[in-house]
Amino acid sequence: MVRRRRAWAAGVVGISTLLSLGAGTAGGRGPDTVGQWTQPFEEGGAGAPRCQPTQDESAFVVCKPAAVEAAVLNDGRVMYFNGLESQENAKGPSPVSLAPSSRDSQARVLDLRTGTAQWVIPNQARGGTHTNPNIKPGHRSSDDPSGSAGVPGRPGDGFVGSAWGSLGGPPHDPTSSPDDPAPNDGDLFCADLTTLPNGKILLAGGSDWYNDPSLMDRNAGDPADVGVAEVEGLRSASLFDPASNTFQAAAPMKYGRWYPHLVAGPDGNPTVFGGVTRLVRNSQLGNVRRTETYHADTNTWEENYVGPASETELPLVPRMVLTPDGRFFYTAVGQMWNPLGESVDEALTALFQFFDPKTKTWSLSGLAPLGARSGAFVVPLTLEPPYDKMTIVTWGGTLGPPPGSWLPANPFTTLTTIDANGNVTNRNAGDLKHARWYSSGVLLPDGQILAVGGADKDDVVDPGAALPVNTPELYNPATTEWTEVAPHSRDRGYHNSALLLPDMRVLLGGNAPLAAHFGGSNQDQGGPFTNNDNDPSFEIWSPPYLFRGARPTIVRAQRGVNHSETFTITTPDAGLIESVLLIRTPSPEHVADSDQRALKLEFTRSGTHTLTATAPPSGKVAPPGSYYLVVNKKSLQGPIPSVARMVDVGRTDLSDAPQPFPDDAPAPSAGSATPDEDTSHAAAVQQHARDITQRIPVVAGTLNRRWLFVAR
Ligand SMILES: [Cu+2]
């Protein structure tokens with residue numbers, strides 16, 4: 001059945017690939033209108049099997065990691081890491097076997113600077129010392145039933161803990177992380193990541209996997225896994241140093257956070273919002289209610305608490321944006337599903353909310369036009385001088401808090417404008433051509449926005465049931481309409497990622513779905529459904545602006561510019577430059593990248609080869625950190641961007657700004673990717689054969705297959 005579907009799907013992929021690549025057109029429109037995708041490529045290429053058995057005692061298969069989360073480093077490379085690592089090895093239905101089969105996610109650094117992709121394995125391939133500090137040595141899940149049940153918790157851990165604390169009740173450790181033997185206590189999966197002003201990447205939160213209760217655990221040498229899955233939010237934080245390709249431990253947060261969100265503040269220090277301490281048996285009736293700010297200079301977290309007004313309910317991965325008045329704006333978008341942990345005050349998630357870092361308090365700002373949205377994408381339009389207002393574009397997702405979020409994806413686009421006084425106004429824009437849940441979004445240097453990837457429904461409700469949306473769309477802020485562009489080859493559903501490279505192309509990767517129908521190991525569903533295997537491949541899109549003629553070049557710019565600083569850009573194209581931009585380096589997580597922003601700068605032509613530009617006035621509109629400096633050349637078809645120079649905003653540095661990518665080079669490529677077929681299923685079969693030869697009982701595995709059979 002799988003094989004038959006694959007033949008059919010291969011035919012479809014073949015045709016769309018031909019349209020987008022072979023003939024250079026899609027729907028009769030050329031790359032100057034719809035752009036152009038490279039072929040998929042991956043670590044090791046098609047010659048290296050996607051999954052291979054290991055020789056260690058786990059006897060697991062190890063697969064190439066997918067780019068579930070990623071960040072562009074200040075040297076132009078891309079650090080990324082996997083999610084749902086090792087699910088290929090699950091032996092039974094997900095509720096029993098997902099946690100014990102999970103492993104800490106593998107990380108990679110992708111280097112596209114030479115035009116040929118190269119991969120570096122960080123010094124700690126699985127994220128290093130990110131292990132959950134909540135683990136109690138020697139402790140088993142059954143030792144502390146009330147801790148295991150998560151009640152009553154500490155104030156701030158969730159609704160219950162805060163309510164109990166306000167009544168004067170003594171706090172109880174909300175979690176009871178068992179000292180389970182599996183190497184999955186520090187999984188970066190579901191951490192958020194952002195770039196610090198010093199160029200290091202901060203990662204906060206993540207996953208500790210265990211069964212609770214755990215009656216049998218194959219990791220402990222038992223013949224099968226018997227228990228019920230739990231995933232706990234890590235308190236851990238880490239720093240990734242691009243200079244040494246090394247992860248190092250940072251101070252842990254006070255609160256364990258799974259699916260939190262980090263946003264850089266006006267001083268460049270990130271604040272962490274939301275997340276949940278325990279996902280599955282979340283007896284807190286809600287998510288973490290307090291925020292914490294990381295101070296990079298002292299490696300400390302500051303708990304932002306002055307009283308009850310410092311707490312609120314936010315969904316998982318709450319989409320927050322720093323607005324020009326210096327406050328953090330909650331856009332009424334997140335991942336609105338907490339299995340068994342729907343919050344009692346989840347109505348709040350449909351309201352716009354502001355968090356003021358000065359007063360450390362929340363204020364409500366009215367109902368969002370469509371209420372709460374789950375798995376929508378949020379990005380502000382390019383900011384323009386005098387930077388006194390911001391318009392945020394929100395599209396797609398599903399509507400309503402749980403269980404409304406389990407409805408099909410919607411095509412709706414809303415524009416929300418926040419002015420310098422914090423006034424919020426809304427209007428509608430044109431609908432997406434394809435309703436999409438979990439699409440990524442990339443703000444481009446011409447001011448347009450790419451919506452890419454996703455699926456027609458929220459398939460976390462029933463993994464494997466979604467249909468992929470493989471035709472991306474461009475949003476034009478001048479017309480407020482979307483138009484289709486060239487389709488990509490691979491399904492990019494749950495856990496895709498997309499980001500703007502320093503050469504102004506778009507890197508698309510990821511796809512790391514849950515096992516079909518929670519059946520255990522990945523099992524592709526056949527038919528038209530989204531690929532249900534992790535996909536380690538990437539595709540690169542050259543936007544239409546790269547087909548409009550020669551690109552302008554930046555011959556020199558300074559490495560660091562302070563706020564309001566006037567600085568010189570040397571370019572032979574000075575007479576043709578129509579705009580100068582700073583674009584913050586991207587760091588997407590779970591189709592959210594709150595730090596994504598672009599700013600047009602004031603500039604004058606100060607000579608035939610020089611421009612004089614003025615940096616944005618404050619960290620409220622341009623938080624200190626790493627940015628792309630780009631100039632756009634005028635053309636009849638529209639702007640043509642240069643390749644970026646890497647510039648630090650917030651400090652003066654007169655040395656040369658590096659340019660990681662060459663001028664006007666062809667799209668980087670690296671050949672090939674393993675075919676889009678059910679390779680993890682093949683790996684599972686391989687594993688099954690190994691188990692039989694090793695006489696390991698496969699009770700749970702048999703159960704899994706029976707269960708799947710019934711489900712089908
Ligand atoms: Cu996820």
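Just so you know, ligand 1 is whichever comes first in the structure, and atom 1 is the first atom listed for that ligand.
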>> If only side-chain N and O atoms count, and only distance matters, is there a donor-acceptor pair under 3.5 Å linking Asn304 with Thr293?
In response: yes
>> Under a 3.5 Å threshold, yes or no: a donor from one side chain and an acceptor from the other, between Asn511 and Asp535?
In response: no
>> Looking only at side-chain N and O atoms, does Thr312 offer a donor or acceptor that is under 3.5 Å from a partner on Gln353?
In response: yes
> Quick one: ring-ring contact (aromatic ring centres under 6.0 Å, His included) partners of Phe352, sequence neighbours excluded?
Replying inline: Phe329
>> To check you understand the geometry: which heavy-atom pair defines the closest contact between Leu193 and Ala71, and what is its length?
In response: CD1-CB, 3.8 Å
> What protein N/O/S atoms lie closer than 2.8 Å to the Cu ion (ligand 1)?
Replying inline: Tyr259 OH, His495 NE2, His590 NE2
> Does any non-hydrogen side-chain atom of Cys190 lie less than 4.5 Å from one of Ser207?
Replying inline: yes
